[in-house]
Novice: 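Below are the structure tokens for one structure; questions will follow.
Quick caveat, the model's predicted, so the values are computed rather than measured. Atom set for the values below is all heavy atoms of this structure, side chains included, hydrogens, waters and symmetry mates excluded.
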Amino acid sequence: MYLSDIHTHSIASGHGTTCTISDMAKAASKKGLKLLGISDHGPGTLASGTSSYFRSLPFYPRKRFGIDILYGVELNILDSAGHTDLSDELLNNLDYAIISMHRQNYRSGSVSQNTEAYINAIKHPAVKILGHCDDTHFPVDYETLARAALRENVIFEINETSLAPGGYRGDTRANAARILYLCQKYQLPVILSSDSHGKEHVGDFTYAEEFVHQLMFPETLILNNQLPKLKVFLQTR
């Protein structure tokens, strides 16, 4: 069992759930998690959190239902220059940012253009995690991206939603396997993420856990159960 899940979405993401942060925290507590991260979509996602929402997050309770809560954002990459959809002022007051590509915000280019977009985006000190970059709609050069992630102290996630059968990101297994190979090569940690929209799948790593174990990826490089190390990582750039 894993003790943390820091890629989750509440009603503020604008789709997929009507659950509040309290609903999410209560469910996470019941499932035995010790740390929950709320990472609602940035304002570039239709009907998602406004700037006012992200401005208020640092004032929210840090503990709910006996578990620690972190407040972040899943940023949208907007172009190959790595521009995103939240201001530096707001980003710098959040606990962390996940950086992702979504088809409604970013038009996929060549492998080199997509790789460049990710590399430029992770240069922002608030960005800690490369979100579902296993997506088959956005091909990248994983070797180049892994080296950049190591240099910028950013980690990859292994995304439960991507690996679940019938996912809208296509068959991501080959890309996820490549990510894990490179992370082991460079001793770069990863985080397992549910990407849950709502409480139902918070802390659910059914397919992600099976996948990393099948590939014999070392537990020492998975941060979900290394809570002190994970917290220090999120605070350091």
Novice: Please check if the side chain of Gln226 supplies one atom and the backbone of Ile222 the other of a donor-acceptor pair under 3.5 Å.
Specialist: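 Indeed, once roles are kept as given, a pair shorter than 3.5 Å links the two residues.
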Novice: Just do the side chain to side chain contact (heavy atoms under 4.5 Å, CB included) check on Asn224 and Leu3 with the steps written out, would you?
Specialist: CA-CA 6 Å; Asn224 295 73; Leu3 301 176; over 6 Å; no
Novice: Roughly how far, to the nearest 0.5 Å, is CG of Asp195 from CG of Asp5?
Specialist: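 CG of Asp195 is found 9.0 Å from CG of Asp5.
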Novice: Quick check, are the ring centers of His102 and His132 under 6.0 angstrom apart?
Specialist: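 Between His132 and His102, which both carry aromatic rings, the centre distance is below 6.0 Å.
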Novice: Can you confirm whether more than 12 heavy atoms, excluding those of Met1, are under 6.0 Å from its CE atom?
Specialist: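 Yes.
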Novice: I'd like to know if Lys63 pairs up with Asp68 as an ion pair, taking the criterion as any Lys NZ or Arg NE/NH1/NH2 lying under 4.0 Å from an Asp or Glu carboxylate oxygen.
Specialist: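 Asp68 and Lys63: salt-bridged.
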Novice: Under the side-chain hydrogen bond (donor to acceptor under 3.5 Å, both in side chains) rule, what do Asp40 and Ser10 come out as? Steps first, then yes or no, please.
Specialist: CA-CA 6 Å; Asp40 285 310; Ser10 76; 2.8 Å; yes
Novice: Has Asn93 got a side-chain atom pairing as donor or acceptor with Glu89's backbone, closer than 3.5 angstrom?
Specialist: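 Looks like yes, one N/O pair under 3.5 Å.
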Novice: Looking only at atom types and distance, does a side-chain atom of Ser48 sit under 3.5 Å from a main-chain N or O of Gly14, one as donor and one as acceptor?
Specialist: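 No, Ser48 side chain to Gly14 backbone: no donor-acceptor pair under 3.5 Å.
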Novice: Does one side chain, of Arg64 or Ser22, offer a donor that lies under 3.5 Å from an acceptor on the other?
Specialist: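 Side chains of Arg64 and Ser22: pair found under 3.5 Å.
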Novice: Any side-chain heavy-atom pair from Tyr118 and Thr115 closer than 4.5 angstrom?
Specialist: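 No, every pair of side-chain atoms sits at 4.5 Å or beyond.
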Novice: Take atom NZ in Lys31; do more than 12 heavy atoms of anything else shown fall under 6.0 Å from it?
Specialist: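 Counting other residues, nucleotides and ligands, NZ of Lys31 exceeds 12 neighbours.
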Novice: Where the side chain of Asn114 meets the backbone of Gly109, is there a donor-acceptor pair that is under 3.5 Å apart?
Specialist: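 Yes; judged by distance alone, with no hydrogens or angles, the pair exists.
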Novice: Do Phe233 and Asn153 have side-chain heavy atoms sitting under 4.5 Å apart?
Specialist: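 Counting from C-beta outward, Phe233 and Asn153 do come under 4.5 Å.
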Novice: Between the side chains of Ser100 and Glu74, does any donor sit under 3.5 Å from an acceptor?
Specialist: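 Yes, side-chain donor-acceptor contact under 3.5 Å.
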Novice: In sequence, state the C-alpha distance, the side-chain angles, and the governing distance for His41 and His197, and then conclude on ring-ring contact (aromatic ring centres under 6.0 Å, His included).
Specialist: CA-CA 10 Å; His41 288 288; His197 285 64; 5.5 Å; yes
Novice: Provide the closest heavy-atom pair for Ser13 versus Thr45 in the form atom of the first, atom of the second, distance.
Specialist: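 Heavy-atom minimum between the residues: O-CG2, 4.1 Å.
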Novice: Please round to the nearest 0.5 Å and tell me the distance separating atom NZ of Lys128 and atom CD1 of Ile155.
Specialist: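 Lys128 atom NZ to Ile155 atom CD1 measures 10.0 Å (nearest 0.5 Å).
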Novice: Determine yes or no for a side-chain-to-main-chain donor-acceptor pair under 3.5 angstrom, with Gln235 supplying the side chain and Val232 the backbone.
Specialist: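 Not confirmed, Gln235 side chain does not pair with Val232 backbone.
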Novice: Looking at side-chain heavy atoms only, is the closest gap between Phe211 and Leu180 below 4.5 Å?
Specialist: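 Heavy-atom side-chain distance check passes, below 4.5 Å.
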Novice: Is there a donor-acceptor contact under 3.5 Å from the side chain of Glu116 to the main chain of Gln113?
Specialist: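 A pair under 3.5 Å: no.
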Novice: For a side-chain hydrogen bond (donor to acceptor under 3.5 Å, both in side chains) check, start with the C-alpha distance between Ser4 and Asn225, then their side-chain angles and the critical distance, and finish with the verdict.
Specialist: CA-CA 7 Å; Ser4 64; Asn225 281 353; 5.8 Å; no
Novice: Tell me if the CZ atom of Arg147 is crowded by more than 12 foreign heavy atoms within 6.0 Å.
Specialist: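 Enclosed.
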Novice: Under 4.5 Å between any side-chain heavy atoms of Glu157 and Val190, yes or no?
Specialist: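 In short, these two side chains do not touch, never coming nearer than 4.5 Å.
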Novice: Measuring only between side-chain heavy atoms, which start at C-beta, is Ile158 closer than 4.5 Å to Phe217?
Specialist: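 A side-chain contact under 4.5 Å is absent here.
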Novice: Mark yes or no for whether Tyr186, through its side chain, and Ala149, through its backbone, hold a donor-acceptor pair below 3.5 Å.
Specialist: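 A pair under 3.5 Å: no.
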Novice: Indicate yes or no for a side-chain donor-acceptor contact from Ser39 to the backbone of Gly72 under 3.5 Å, with no hydrogens or angles considered.
Specialist: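 No.
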Novice: With under 30° as parallel and over 60° as perpendicular, where do the rings of His213 and Tyr2 fit, or are they tilted in between?
Specialist: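 Tilted.
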Novice: Can you see whether Asn175 engages Thr136 through a side-chain donor-acceptor pair at a distance of less than 3.5 angstrom?
Specialist: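 The criterion, which ignores hydrogens and geometry beyond distance, is not satisfied for Thr136 and Asn175.
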Novice: His7: what forms a ring pair (Phe, Tyr, Trp, His ring centres under 6.0 Å) with it, not counting sequence neighbours?
Specialist: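 Partners of His7 by the ring pair (Phe, Tyr, Trp, His ring centres under 6.0 Å) criterion, ordered by chain and then number, come out as His9.
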Novice: With a 6.0 Å cut-off (strictly less than), is the heavy-atom count around OH of Tyr181, excluding the residue itself, greater than 12?
Specialist: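 Result for OH/Tyr181: open.
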Novice: Where do Thr8 and Ser194 land on the side chain to side chain contact (heavy atoms under 4.5 Å, CB included) test, with the steps shown first?
Specialist: CA-CA 7 Å; Thr8 71; Ser194 71; 3.9 Å; yes
Novice: For Leu75, is there any backbone N or O sitting under 3.5 Å from a side-chain donor or acceptor partner on Asp85?
Specialist: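 Checking the backbone N and O of Leu75 against the side chain of Asp85, no donor-acceptor pair under 3.5 Å is found.
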Novice: Would you say the side chains of Asp88 and His124 form a donor-acceptor pair under 3.5 Å?
Specialist: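 Side-chain D/A pair, Asp88 to His124: present.
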Novice: If you define the side chain from C-beta out and look only at heavy atoms, does anything of Phe54 sit under 4.5 Å from Leu94?
Specialist: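 Touching, per the 4.5 Å side-chain cut-off.
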Novice: For the CG atom of Leu227 and the CG atom of Leu35, what is their distance to the nearest 0.5 Å?
Specialist: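 Going from the CG atom of Leu227 to the CG atom of Leu35 covers 6.0 Å.
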Novice: If only side-chain N and O atoms count, and only distance matters, is there a donor-acceptor pair under 3.5 Å linking Ser162 with Asp134?
Specialist: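 Distance-only check passes for Asp134 and Ser162.
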Novice: Does the side chain of Thr172 come within less than 4.5 Å of Leu163's, by heavy atoms?
Specialist: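 In short, these two side chains touch, coming nearer than 4.5 Å.
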Novice: Kindly check if the number of other-residue, nucleotide or ligand heavy atoms within 6.0 Å of CZ (Phe59) is above 12?
Specialist: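 No, CZ of Phe59 has 12 or fewer neighbouring heavy atoms, counting only those of other groups under 6.0 Å.
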Novice: Is there a path from Leu130 to Val111 through hydrophobic residues (I, L, V, M, F, W, Y) whose side chains come within less than 4.5 Å of each other?
Specialist: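 No, Leu130 and Val111 fall in different hydrophobic clusters.
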Novice: Can Glu143 and Lys185 be counted as an ion pair, charged N to O under 4.0 angstrom?
Specialist: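 Salt bridge present between Glu143 and Lys185.
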Novice: How many angstroms lie between CD1 in Ile77 and CD1 in Ile99, if you round to the nearest 0.5 Å?
Specialist: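 Ile77 CD1 to Ile99 CD1: 4.5 Å, rounded to 0.5 Å.
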Novice: Hey, could you give me the CG/OG1 distance between Asp23 and Thr17, rounded to the nearest 0.5 Å?
Specialist: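 So the gap between those two atoms works out to 7.5 Å.
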Novice: The criterion is side chain to side chain contact (heavy atoms under 4.5 Å, CB included); which residues satisfy it with Asp204, sequence neighbours excluded?
Specialist: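 Per chain and number, Asp204 pairs via side chain to side chain contact (heavy atoms under 4.5 Å, CB included) with Glu160, His201, Thr206.
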Novice: Quick one: does any side-chain atom of Ser193 pair with a main-chain N or O of Asn159 as donor and acceptor, under 3.5 Å?
Specialist: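 Looks like no, no N/O pair under 3.5 Å.
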Novice: Could you state the interatomic distance from OH (Tyr71) to CG (Leu36), rounded to the nearest 0.5 Å?
Specialist: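 Reported value, rounded in 0.5 Å steps: 8.5 Å.
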Novice: Contact between Leu223 and Pro189 at the side-chain level, heavy atoms closer than 4.5 Å - yes or no?
Specialist: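 Result yes, sub-4.5 Å side-chain heavy-atom pair found.
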